[in-house]
Amino acid sequence: MRLRILSTAALCVALLAFATTHASAQGYTGRIEVTVADTTGAVLPGTTIELTGPQNRTSVTDGRGQAVFLNLAPGTYTVIARLAGFQTYRNTEVPVAVGGTVPLKVSLNVESVAQDVFVTAESPVVDPKKTATATNVTLTELQEVPTSRDPWVVLQTVPGVIVDRVNVGGAESGQQSNYQAKGAASTEISWSIDGVPI
């Protein structure tokens with residue numbers, strides 16, 4: 001009997017260690033990878049990159065013309081690139097999502113007259129390094145889509161997520177739903193608010 005209790009306790013400790021390791025491997029932040037080149041495609045090391053938004057950071061591109069900003073809180077950032085002899089680059093719409101990587105290619109023009117280049121279009125977010133499936137729900141979606149304003153109702157709107165109850169007219173508000181995502185184990189799925197894991 002004692003051996004059975006000890007083996008059960010050892011199994012519980014092993015499962016807890018696995019779940020903790022797996023949970024810590026999940027990211028609740030994003031990253032921006034900046035590559036700076038001139039109009040001919042030659043990389044530009046030594047370019048100063050300023051990042052402003054939910055977090056402010058500054059970096060200088062390395063010998064490959066790259067600067068990487070890790071562990072960024074989700075949100076919209078402004079990226080400014082400066083190098084003597086080149087026009088200043090500014091992009092005010094760089095969205096960072098939880099667990100996402102934004103590869104940002106910056107092209108600097110040779111400076112003929114003092115002039116700043118302002119990029120107002122949204123950066124396309126194609127993340128070739130992302131291995132997990134995630135959905136980010138924006139504040140606009142939360143405000144414009146009529147729901148019960150319940151986190152589990154929002155989970156229900158994500159493709160591939162199944163919840164154990166349907167909140168019709170607020171009848172189930174305040175009741176924590178069990179949820180399943182694409183058949184994954186409960187230790188492999190998580191949700192967060194503003195990058196904070198729940």
Completion exercise
Between the OG1 atom in Thr76 and the CD atom in Glu93, the distance rounded to the nearest 0.5 Å is 6.0 Å
Practice task
Rounded to the nearest 0.5 Å, what's the gap from CZ on Phe69 to CD on Glu50? Could you check?
Solution key: 9.0 Å
Handout entry: Pairwise distance OG1(Thr48) to CD1(Ile80) - rounded to 0.5 angstrom
Key = 11.5 Å
Practice task
Answer with yes or no whether the hydrophobic clustering places Leu139 together with Val96; edges join I, L, V, M, F, W, Y residues whose side-chain heavy atoms lie under 4.5 Å apart.
Solution key: no
Handout entry: CD on Gln87 to CG on Asn109, rounded to 0.5 Å
Key = 5.0 Å
Practice task
Decide yes or no on side-chain contact (heavy atoms from CB on, under 4.5 Å) for Thr101 and Glu33, but give the supporting numbers first.
Solution key: CA-CA 7 Å; Thr101 301; Glu33 296 180 353; 3.7 Å; yes
Handout entry: Joint cluster assignment, Val36 & Val110, ILVMFWY side-chain distance < 4.5 Å
Key = yes
Handout entry: Between Thr138 and Glu141: side-chain donor-acceptor atoms closer than 3.5 Å
Key = yes
Handout entry: Test item: Thr29 side-chain N/O and Ala73 main-chain N/O as donor-acceptor pair under 3.5 Å
Key = no
Problem - Close side-chain approach of Thr78 and Arg90, heavy atoms under 4.5 Å - result: yes
Problem - Test side-chain contact (heavy atoms from CB on, under 4.5 Å) applied to Leu108 and Asp38, Thr39, Leu44, the passing residue - result: Leu44
Practice task
Could you give me the CA-CA distance, side-chain angles and deciding distance for Arg82 and Thr88, then say whether side-chain contact (heavy atoms from CB on, under 4.5 Å) is met?
Solution key: CA-CA 5 Å; Arg82 291 189 176 95; Thr88 300; 3.8 Å; yes
Problem - Val102 vs Val94 side-chain heavy atoms within contact, under 4.5 Å - result: yes
Exercise for the section: Take Ile32 and Val68, measure what side-chain contact (heavy atoms from CB on, under 4.5 Å) needs, and give me the verdict at the end. Expected result: CA-CA 6 Å; Ile32 298 175; Val68 179; over 6 Å; no
Handout entry: Thr35 vs Leu104 side-chain heavy atoms within contact, under 4.5 Å
Key = no
Practice task
Considering non-hydrogen atoms only, spot the tightest contact between Ser107 and Tyr89 and give its length.
Solution key: O-CD1, 4.4 Å
Problem - Rounded distance (nearest 0.5 Å) linking atom CD1 of Ile49 with atom OG1 of Thr58 - result: 9.5 Å
Exercise for the section: List the atom of Ser59, the atom of Ala67, and the distance in Å for their closest heavy-atom pair. Expected result: OG-CB, 3.9 Å
Completion exercise
For Gln55 and Leu72 the tightest heavy-atom approach is OE1-CA, 3.1 Å
Exercise for the section: Grab the two heavy atoms, one from Pro45 and one from Asp62, that are nearest each other, plus how far apart they are. Expected result: CB-O, 3.0 Å
